[in-house]
Amino acid sequence: MKKETHINILFLDIGGVLLSDGWDRNSRRAGAKKFHLDHNDMEERHHLNFETYELGKMSLDEYLDRVVFYKKRNFNPDEFKTFMFRQSQPLPQMIALITSLKKDYGLKIAVISNEGRELNEYRIKKFKLNEFIDFFISSSFVNLRKPDATIFRLALDIAQVTPGESIYIDNQPLFVSIAERFGIKGISHTSLQSTRDQLNEFGLNLIPASHE
């Protein structure tokens, strides 16, 4: 039987909540080491281009042309993209938590994330996120990117819920605070148990986890 709650939707980030970050500083450092690239040069080029990629205004091939393949390499783009994709790993306990909440409370689950299109599509397919997530408000799909507050207004409009009916979970406190300014209930995700505890406070009661 569906449990009763005044919460109707969970908005979530992907990186750091359901999966590892897709292409973070540690992944880039590992990539520079594996492919014998100048890490500092790669980082500078990355920061000049990645926001445009996440906004859906540049393809992954264009991003790599500017960041890695602006000169001849002894490896090809497909090899590098394979490495990039393999940096993504699931956080199984968080996925299990969210799927349990969806089942027990009949919640809608939606993503609000900053992700480039090709990485986002790979991660959705690889980890079968669309099996429990109802819709994706990804930066590359909607051409908006956190911390632009407009993306949260768009999420509420698409979901057709009031802020008080919703919770937003993100591992970046800044983004949580922006969501809270709309009246959305915010959870700064730091661990499985802390997020469970905060969900309990919002009336989504779960049996405590035996470990994190």
Side-chain angles (χ1 to χ4, degrees), residues 9-28 31 41-70 76-91 95 98 108-161 166 168-179 181-182 184 189:
I9 189 166
L10 292 182
F11 294 118
L12 313 167
D13 193 14
I14 294 180
V17 177
L18 298 175
L19 309 177
S20 63
D21 286 323
W23 187 232
D24 64 7
R25 67 187 66 179
N26 293 327
S27 297
R28 297 192 300 275
D41 180 59
M42 179 179 165
E43 280 296 281
E44 182 176 354
R45 288 173 174 272
H46 165 84
H47 288 297
L48 289 171
N49 288 281
F50 200 63
E51 181 174 328
T52 303
Y53 172 55
E54 285 192 328
L55 281 168
K57 298 180 179 181
M58 178 189 298
S59 70
L60 181 57
D61 285 336
E62 289 171 317
Y63 164 81
L64 290 177
D65 281 346
R66 298 182 185 190
V67 176
V68 178
F69 295 97
Y70 57 91
N76 62 51
D78 285 341
E79 291 176 275
F80 198 86
K81 282 189 279 189
T82 296
F83 175 85
M84 290 181 73
F85 293 152
R86 286 178 177 169
Q87 302 312 296
S88 294
Q89 297 297 323
L91 302 176
I95 291 173
I98 299 305
K108 287 190 179 298
I109 309 296
V111 154
I112 305 174
S113 67
N114 289 346
E115 295 211 352
R117 179 174 290 273
E118 293 87 347
L119 282 169
N120 197 199
E121 291 177 341
Y122 168 82
R123 282 148 70 85
I124 291 169
K125 182 177 179 180
K126 172 67 176 178
F127 301 105
K128 301 179 180 179
L129 301 183
N130 58 343
E131 291 187 357
F132 65 94
I133 294 171
D134 295 288
F135 56 93
F136 296 82
I137 303 170
S138 301
S139 59
S140 55
F141 297 169
V142 300
N143 305 130
L144 292 168
R145 182 178 181 274
K146 297 177 291 186
D148 186 339
T150 309
I151 199 170
F152 293 99
R153 171 55 63 196
L154 178 66
L156 291 168
D157 288 344
I158 290 173
Q160 284 298 290
V161 294
S166 60
Y168 178 60
I169 304 173
D170 198 313
N171 66 328
Q172 295 290 341
L174 171 62
F175 298 157
V176 173
S177 69
I178 294 170
R181 290 174 195 157
F182 282 95
I184 299 169
H189 175 69

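Residue numbers count from 1 along this sequence. All values below were derived from every heavy atom in this structure, side-chain atoms included, with hydrogens, water molecules and symmetry-related copies excluded.
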>> Going by the rule salt bridge (Lys or Arg N to Asp or Glu O under 4.0 Å), which residues pair with D41 if we only count those two or more places apart in sequence or in a different chain?
In response: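 Residues passing salt bridge (Lys or Arg N to Asp or Glu O under 4.0 Å) with D41: R45.
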> Quick one: salt bridge (Lys or Arg N to Asp or Glu O under 4.0 Å) partners of D134, sequence neighbours excluded?
Replying inline: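 Scan of D134 (salt bridge (Lys or Arg N to Asp or Glu O under 4.0 Å), adjacent residues dropped) gives K102.
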>> Quick one, S27 with D24, criterion side chain to side chain donor-acceptor pair (under 3.5 Å). Give me CA distance, side-chain angles, the key distance, then yes/no.
In response: CA-CA 5 Å; S27 297; D24 64 7; 3.0 Å; yes
Of the non-hydrogen atoms in [X] and [Y], which two are nearest, and what is the gap between them?
| X | Y | result |
| --- | --- | --- |
| S140 | Y53 | CB-O, 4.4 Å |
| N120 | S138 | OD1-OG, 2.5 Å |
| M58 | R66 | CE-NH1, 3.1 Å |
| G16 | N171 | CA-ND2, 3.7 Å |
| P147 | L174 | CB-CD2, 4.4 Å |
| R123 | G22 | NH1-CA, 3.2 Å |

> Mind checking whether R181 and F152 have side chains closer than 4.5 Å, heavy atoms only?
Replying inline: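 With C-beta onward as the side chain, the pair stays apart.
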> How about I133 and I124: do any of their side-chain heavy atoms sit closer than 4.5 Å?
Replying inline: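 They are not in contact (no side-chain heavy atoms under 4.5 Å apart), so the answer is no.
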> For the residue pair F141 and F136, is the inter-centroid distance of their aromatic rings smaller than 6.0 Å?
Replying inline: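 Ring centroids of F141 and F136 are no less than 6.0 Å from each other.
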> Between Y168 and F182, is the ring centre distance below 6.0 Å?
Replying inline: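 No, too far apart.
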Test item: [X] side-chain N/O and [Y] main-chain N/O as donor-acceptor pair under 3.5 Å:
| X | Y | result |
| --- | --- | --- |
| E118 | L60 | yes |
| K146 | I112 | yes |
| S20 | Q89 | yes |
| Q87 | M84 | no |
| D21 | W23 | no |
| S139 | E54 | yes |

>> Applying side-chain contact (heavy atoms from CB on, under 4.5 Å) to L91 and L18, what does each step give before you reach the verdict?
In response: CA-CA 5 Å; L91 302 176; L18 298 175; 5.9 Å; no
Once rounded to the nearest 0.5 Å, what's the spacing between atom [atom1] of [X] and atom [atom2] of [Y]?
| X | Y | atom1 | atom2 | result |
| --- | --- | --- | --- | --- |
| H46 | R28 | NE2 | CZ | 3.5 Å |
| I151 | L144 | CD1 | CG | 5.5 Å |
| K57 | E51 | NZ | CD | 9.0 Å |
| N49 | D65 | CG | CG | 10.0 Å |
| R145 | E115 | CZ | CD | 11.5 Å |
| I137 | L12 | CD1 | CG | 11.0 Å |

> Among I98, V111, I109, L19, whose side-chain contact (heavy atoms from CB on, under 4.5 Å) with L129 holds?
Replying inline: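 The option that passes is L19.
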> Passes side-chain contact (heavy atoms from CB on, under 4.5 Å), F80 versus V68? Steps please.
Replying inline: CA-CA 9 Å; F80 198 86; V68 178; 3.9 Å; yes
> Any Lys/Arg nitrogen of R117 or E121 sitting under 4.0 Å from an Asp/Glu carboxylate oxygen of the other?
Replying inline: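 E121 and R117: salt-bridged.
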>> Using 30° and 60° as the class boundaries, would you call the ring planes of Y122 and F85 parallel, tilted or perpendicular?
In response: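 Plane angle under 30°, so parallel.
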> Taking atom CD of E62 as the centre, does the number of heavy atoms from other residues, nucleotides or ligands within less than 6.0 Å exceed 12?
Replying inline: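 For E62, atom CD is crowded (more than 12 foreign heavy atoms under 6.0 Å).
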>> Show, in sequence, the C-alpha distance, side-chain angles and deciding distance for N114 and L55, and conclude whether the side-chain contact (heavy atoms from CB on, under 4.5 Å) test is met.
In response: CA-CA 8 Å; N114 289 346; L55 281 168; over 6 Å; no
>> Set out, in order, the CA-CA distance, both residues' side-chain angles and the distance that settles side-chain contact (heavy atoms from CB on, under 4.5 Å) for I9 and F11, then state yes or no.
In response: CA-CA 6 Å; I9 189 166; F11 294 118; 3.6 Å; yes
> Under the side chain to side chain donor-acceptor pair (under 3.5 Å) criterion, do S59 and D61 qualify, and how do the steps go?
Replying inline: CA-CA 5 Å; S59 70; D61 285 336; 5.2 Å; no
